[in-house]
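Take a look at the structure below.
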Amino acid sequence: MKSRFAPSPTGYLHIGGARTALFAWAYAKKCGGKFVLRIEDTDRERSTQASVDAILEGMSWLGLDYDEGPFYQTQRFERYREITQQLLDEGKAYYCQCSKQRLDDLRKSLMAKGEKAMYDGCCRSKNLSNGVVRFKNPAAGSVVFIDSVKGKISINNKEIDDLIIARTDGTPTYNLTVVVDDYDMQISHVIRGDDHINNTPRQINLYQALNWKMPEFAHLPMILGSDGARMSKRHGAMSVMAYRDEGFLPEALINYLSRLGWSHGDKELFSMAEIAELFDFSAVNKAPAIFNKVKLLWLNQEYIKNATPEHLHQHLQWHLDKSGLDVSTGAEPVLVIKILQERSKTLVEMVEGMKMFYQDFADFDKKLADKQFENKEPLELLLAKLSILKDWQAETIKACIKEVCADLDIGFGKVGQPFRLALSGDGNAANIDIVAELVGKETTLKRLQKAIKYEC
RNA sequence: GUCGCCUUCGUCUAUCGGUUAGGACCCCAGGUUUUCAUCCUGGUAAGAGGAGUUCGAUUCUCCUAGGCGAUACCA
């Protein structure tokens, strides 16, 4: 068994492509087969090296490792030419010199008549010796195949015209190259988006003309934008790497993507290993799915909550570097990460939460400060007690807070809240005693003084 | 226009002829809690419409509607 992911390098690796790659990868793993990466760059106009790099980076970030490749179609032009020539020699393809203008007019007049717009085979028996090369599609009968997710699909050959397999400049086109490559690379399972369903019968006819064994086909439904329309920029991030930038963990994105069109009973959380073990086309939906970022966020939070601080630290490094936050001088990062795990939906949020431990903030949140710092007494008393505290530990700090409460005969909140604001600046922090311990004695005292000086 | 594919809560989905149609996200209401968050409990919410087949249809068939896709010298 061997599957492949065959993106064209005309942009970054997007969500839909990633999901296709994931399923192809998962099925290969499940079968103990191989997974191949092939770059379909025959369109010289639109393909770029930057896109190739972006796709490779996306695959690697997601952890979608491939056993073979990446192969590049531009390096196989000789092979395509050979097959095209063979088809020509066997009378299964022919040259066509119809102008774009004629093709255009033909299409328009056909549509005006309410017929399907397709090439009329004008040059079929002209015996020309140059121009584009068209494949002679069978005129009668129909193509029937069993798709692993859609079931039986049949299309009448009357609906398929003679497709171009080589352009005027001799370069091959998509339908020819996929067939040749999938055959040469011994791909047993062609797994791709269902926007390719309509191409499949053409390709099957090519397989038959070449007398090649056909692979299994599995067409995955599309992923739609939030309004049910095809995904586009206005739906938010489409690029896989944009999700890293926004603070998502690759395992969360993978988990989310796996559940778009696939399911395994009521199970929601899947590790990559579980996906590889449980994935099957029989549980893949036929209908397109709408991408829902809110659920992705929930998943991301689940993964952040349950990850080890060390693992999080690894992924956090990229964001730390980006934000320029230096964590080498303050508390041990994993300790800080630990207390932020339950309160961060994304890694970006986590970096935000880390800042108070490593750098000072400019001002207190005014609205909160006016309220919390109105009565300075608790803060002053707390400062006095903490100043002489020798053993700077969460427990001892907590004891000080409780003493203040007792001395002043007030509740924990009356001391804890102002203290929290004094330390964080925005009032956002976890258990105040632990936070104070990690912020450190010197900084804590400094911030308390700053809070006491605050004028409401 | 033509052809192909698709259609269960707002969203992702379970159900493989017989269920009070289940789970998850979101949302709402409670509870725990040192803010926020987490956590716990409960709740709202669905089979596009119409014909058949059947003792019985969400499930099988057909029609309609809607959505998506293809109709390129793009992939």
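A note on names: the letters A, B, ... follow the listed sequences, proteins ahead of strands, and every chain is numbered from 1. Nothing here was measured: the structure is a model prediction, and the numbers come from that model.
Here B:U44 sits opposite no nucleotide as a Watson-Crick or G-U wobble pair (both hydrogen-bonding atom distances under 3.5 Å). Nucleotide B:U32: unpaired (no Watson-Crick or G-U wobble partner with both distances less than 3.5 Å). The partner of B:U7 is B:A65, by the rule that a Watson-Crick or G-U pair needs both atom distances under 3.5 Å. If you check B:C26 for Watson-Crick or wobble pairing at under 3.5 angstrom, you find it has no partner at all. Using N1 to N3 plus N6-O4 or O6-N4 for Watson-Crick, or N1-O2 and O6-N3 for G-U wobble, each under 3.5 Å, B:G1 pairs with B:U71.
As judged by a 4.0 angstrom heavy-atom cut-off over every strand, A:Gly131 is placed among residues making no nucleic acid contact. A:Ser263 comes within 4.0 angstrom of sugar-phosphate atoms only, judged by non-hydrogen atoms across all strands, and of no base. If you check every strand for non-hydrogen atoms under 4.0 Å, A:Ala6 touches nothing. Across all strands, A:Asp161 comes closer than 4.0 Å to no nucleic acid atom at all (heavy-atom distances). Using a 4.0 Å heavy-atom distance criterion, A:Ser226 is classed as making no nucleic acid contact. No contact: A:Lys113 has no heavy atom under 4.0 Å from any strand. Nucleic acid contact class of A:His219 (heavy atoms, under 4.0 Å, all strands): none. Counting any heavy atom pair closer than 4.0 Å across all strands shown, A:Ile432 reaches a base atom. Base contact: A:Val132 has a heavy atom under 4.0 Å from a base atom. Within 4.0 Å of A:Asn199, counting heavy atoms only, lies at least one base atom of the nucleic acid.
Among the nucleotides B:G1, B:A75, B:U34, the one closest to the side chain of A:Phe412 is B:U34. For A:Ile290, the listed nucleotide lying nearest its side chain is B:C12; candidates were B:U38, B:A75, B:C12. Taking only side-chain atoms of A:Tyr174, from C-beta outward, the nucleotide of B:U11, B:U34, B:A75 with the closest atom is B:A75. Listed nucleotides: B:A70, B:A75, B:C73. Nearest to the side chain of A:Ser8: B:A75.
Ion pairing of A:Lys398 with A:Glu395 is absent here, as no side-chain N (NZ or NE/NH1/NH2) approaches a carboxylate O to less than 4.0 Å. Between A:Arg102 and A:Asp105 no salt bridge is recorded (no basic side-chain N to carboxylate O distance below 4.0 Å). Between A:Asp194 and A:Lys286 there is no salt bridge, since no side-chain nitrogen of the basic residue lies less than 4.0 Å from a carboxylate oxygen of the acidic one.
A:Glu268 and A:Asn255 share no donor-acceptor pair across their side chains, judged by distance under 3.5 Å alone. In this model, no donor atom of one side chain and acceptor atom of the other lie less than 3.5 Å apart for A:Gln73 and A:Asp41. Under 3.5 Å, the side chains of A:Asp162 and A:Tyr94 contain a donor-acceptor pair of N or O atoms. A donor-acceptor contact closer than 3.5 angstrom is absent between the side chains of A:Asn199 and A:Tyr174. Between the side chains of A:Arg192 and A:Thr200, at least one donor N or O lies within less than 3.5 Å of an accepting N or O. Looking at A:Tyr243 and A:Asn300, their side chains never bring a donor and an acceptor atom within 3.5 Å of each other.
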What nitrogen or oxygen pairs link the protein and nucleotides 2-6 of chain B at under 3.5 Å?
unit_1, atom_1, unit_2, atom_2, d
B:C5, O2', A:Lys150, NZ, 3.0

Give every pair of a protein N or O atom and an N or O atom of nucleotides 20-24 of chain B that lie under 3.5 Å apart, one pair per line with the distance.
unit_1, atom_1, unit_2, atom_2, d
B:G22, N2, A:Asp266, OD1, 3.0
B:G23, N2, A:Glu268, OE2, 2.9
B:A24, O4', A:Glu268, OE2, 3.3
B:A24, N3, A:Lys295, NZ, 3.3

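For B:U34, the OP1/OP2 oxygens have no side-chain nitrogen or oxygen of A:Arg420 closer than 4.0 Å. The phosphate of B:A75 has OP1 or OP2 within less than 4.0 Å of a side-chain N or O from A:Thr42.
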